[in-house]
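A short write-up of the structure that comes next.
Just so you know, residue 1 is the first one in the sequence shown, and it goes up from there. Each ligand, and each atom within it, is numbered from 1 in the order the structure gives.
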Amino acid sequence: MACFARLMRLAIGAATLLLFVSTASLCVAQDIDPNASAVKEQQLLQEMNRIQGRVSIPDQRSSVLIQPEGREWQAFRNVTLRWIGGVAILGMLAVLIIFYLIRGMVRLESGRSGRTIVRFTSFERFVHWMTATCFIVLAISGLNITFGRPLLLPLIGHEAFSEWSQWAKYAHNYLSFPFTIGVVLILLMWIAGNIPNKVDVDWVKRGGGIVGHDHPPAYRFNAGQKAIYWIVVIGGGLVAATGYQLMFPFYLSGIEGMQFAQIVHSIVAMLFMAVMLAHIYIGTIGMEGAFEAMGSGTVDVNWAEEHHKLWLEEQSERIGARSQPSITAAE
Ligand code: HEM
């Protein structure tokens with residue numbers, strides 16, 4: 001009996017000790033002193049879900065230093081985004097160089113007639129070049145935000161990099177306004193010619209005259225140009241909407257909304273830049289006579305016949321004999 005009582009005392013003692021130890025360790029886990037030097041950042045994040053302190057300024061949101069989603073966003077921003085941008089932009093450059101080496105410039109097969117036709121009015125060209133100039137500056141200053149630190153900083157040093165980055169950031173903020181106006185004007189002034197129709201299907205099936213040596217007919221804009229138009233309107237709309245959300249923090253959403261906006265902004269921007277490289281290629285070294293359309297605003301009648309036959313017919317009907325042999329009004 002005495003032996004049984006001793007055993008019971010031992011068991012109760014051991015159970016009490018176990019309870020004490022586990023309670024104590026639970027207390028330690030919950031009551032972490034964030035200032036203790038031994039506390040690891042990762043442990044803090046796991047236990048408290050965030051690293052937070054106290055601030056004396058009115059905006060209490062600034063007391064949160066790190067939250068778990070912030071870590072995921074940071075990994076996207078510093079790793080995934082750089083891969084997406086690098087592959088999209090360098091990949092497109094490589095494709096264009098290979099394509100140029102294989103196909104060469106799309107030549108004006110029937111030669112020049114010497115007669116020209118107005119393709120874009122001066123207002124249309126002004127809007128195009130204003131939007132394009134803003135786009136190029138926004139692209140370069142945006143790329144500096146993504147790639148400047150790892151690529152440019154080691155080359156030019158801290159002082160020059162911070163000076164340049166400050167100006168690039170001003171440019172990115174202020175040129176966003178004329179860029180947005182340009183996208184809205186492009187939407188309005190060219191939408192009529194960019195609604196997809198049956199002619200586009202045939203144009204795509206026949207390789208658009210770029211892949212082979214065919215000349216599929218097209219109205220004012222062919223299927224390839226329509227694709228560019230919609231990418232500019234939708235892509236431009238997306239970068240503008242998300243960009244303003246980032247430029248005016250906390251006005252439209254909380255931190256999660258801003259992280260999402262940054263992800264959309266940066267991915268769309270990278271793809272947008274890759275597509276615009278293809279657009280610039282076709283408009284310059286890719287096709288003979290194309291640059292004139294946006295340069296002087298006029299194109300050779302033979303160029304219009306080869307690339308926009310249906311548009312030329314429409315225009316000729318509209319202005320009739322007046323077009324011989326001079327310049328007609330653009331639509
Ligand atoms: C209305 C138009 C636009 C607005 C309001 C805008 C605004 C912004 C803002 C506020 C940022 C964050 C800057 C920072 O972190 O300090 C940003 C980043 C960026 N923007 Fe734009 N932007 C616009 C158009 C564009 C366009 C057209 C492009 C590309 C052609 C572009 C490319 C980028 C890139 C690559 C980043 C850096 C993303 C990152 O690495 O975090 N943006 N933009």
Side-chain angles (χ1 to χ4, degrees), residues 61-62 66 69-93 96 127-153 161-188 227-281 283:
R61 284 173 304 211
S62 60
I66 300 179
E69 296 79 20
R71 281 294 172 87
E72 284 159 30
W73 172 77
Q74 193 183 36
F76 163 79
R77 167 70 182 63
N78 292 348
V79 183
T80 319
L81 176 62
R82 285 179 185 156
W83 273 104
I84 294 174
V87 169
I89 294 169
L90 295 180
M92 180 58 87
L93 269 178
L96 291 173
V127 172
H128 173 272
W129 288 119
M130 178 189 76
T131 317
T133 311
C134 292
F135 180 89
I136 291 169
V137 179
L138 286 165
I140 293 171
S141 52
L143 286 175
N144 184 57
I145 299 171
T146 313
F147 295 104
R149 233 169 193 282
L151 298 185
L152 197 59
L153 175 67
F161 181 70
S162 54
E163 184 82 1
W164 143 250
S165 296
Q166 189 185 357
W167 286 109
K169 183 65 183 109
Y170 284 146
H172 203 89
N173 281 1
Y174 287 109
L175 288 186
S176 69
F177 298 106
F179 173 77
T180 308
I181 295 170
V183 170
V184 172
L185 289 174
I186 285 175
L187 164 74
L188 297 176
I228 295 286
Y229 170 85
W230 288 109
I231 288 169
V232 168
V233 168
I234 297 168
L238 279 174
V239 287
T242 51
Y244 291 126
Q245 201 174 336
L246 296 172
M247 209 192 286
F248 301 104
F250 295 112
Y251 275 88
L252 293 169
S253 71
I255 193 81
E256 293 83 5
M258 279 155 52
Q259 282 165 352
F260 183 69
Q262 190 277 342
I263 291 170
V264 174
H265 187 84
S266 52
I267 293 180
V268 173
M270 296 298 173
L271 301 179
F272 206 173
M273 287 183 237
V275 171
M276 284 302 116
L277 283 177
H279 173 70
I280 294 167
Y281 168 81

Closest protein heavy atom to [atom], given as residue, atom name and distance to 0.1 Å:
atom                    : answer
atom 1 (C) of ligand 1  : T180 OG1, 3.1 Å
atom 14 (C) of ligand 1 : K169 CE, 3.7 Å
atom 40 (O) of ligand 1 : T146 OG1, 2.6 Å

Does atom OH of Y170 have more than 12 heavy-atom neighbours, drawn from other residues, nucleotides or ligands, at distances under 6.0 Å? no

Might you confirm whether atom CH2 of W230 has over 12 heavy atoms from other residues, nucleotides or ligands at distances under 6.0 Å? yes

Specify the closest pair of heavy atoms between [X] and [Y], including all atoms of both residues, with the distance to one decimal.
X    : Y    : result
W164 : L152 : NE1-CD2, 3.2 Å
V268 : G235 : CG1-O, 3.8 Å
L138 : S176 : CD2-N, 4.2 Å

Identify, by atom number and element, the atoms of ligand 1 in contact range of [X], meaning under 4.0 Å from any of its heavy atoms.
X    : answer
L81  : 39 (C), 40 (O)
A139 : 29 (C), 30 (C)
R77  : 39 (C), 40 (O), 41 (O)
A240 : 1 (C), 2 (C)

Give the contacting part of F179 toward ligand 1: side chain, backbone, both or neither, where contact means a heavy-atom distance below 4.0 Å. side chain

N/O to N/O below 3.5 Å, does that happen between Q262 and ligand 1? yes

Please indicate whether any nitrogen or oxygen in Y244 is less than 3.5 Å from any nitrogen or oxygen in ligand 1. no

Test of ring centre spacing under 6.0 Å for W73 and F76: no

Under the criterion ring pair (Phe, Tyr, Trp, His ring centres under 6.0 Å), I'd like the reasoning laid out for F179 against Y174: C-alpha separation, chi angles, the key distance, then a yes or no. CA-CA 9 Å; F179 173 77; Y174 287 109; over 10 Å; no

Close approach, F272 and ligand 1, non-hydrogen under 4.0 angstrom: no

Any chance you could measure H128, atom NE2, to L185, atom CG, to the nearest 0.5 Å? 13.5 Å

Could you measure the distance from the OG1 atom of T146 to the CG atom of N78? Nearest 0.5 Å is fine. 9.5 Å

Can you check the number of protein N/O/S atoms within less than 2.8 Å of atom 21 (Fe) of ligand 1? 2

Mind running ring pair (Phe, Tyr, Trp, His ring centres under 6.0 Å) on Y244 and Y251 for me, showing each step along the way? CA-CA 10 Å; Y244 291 126; Y251 275 88; over 10 Å; no

Mind listing the side-chain donor-acceptor pairs of residues 85-92 below 3.5 Å, one per line with the distance, residues two or more places apart or on another chain?
none

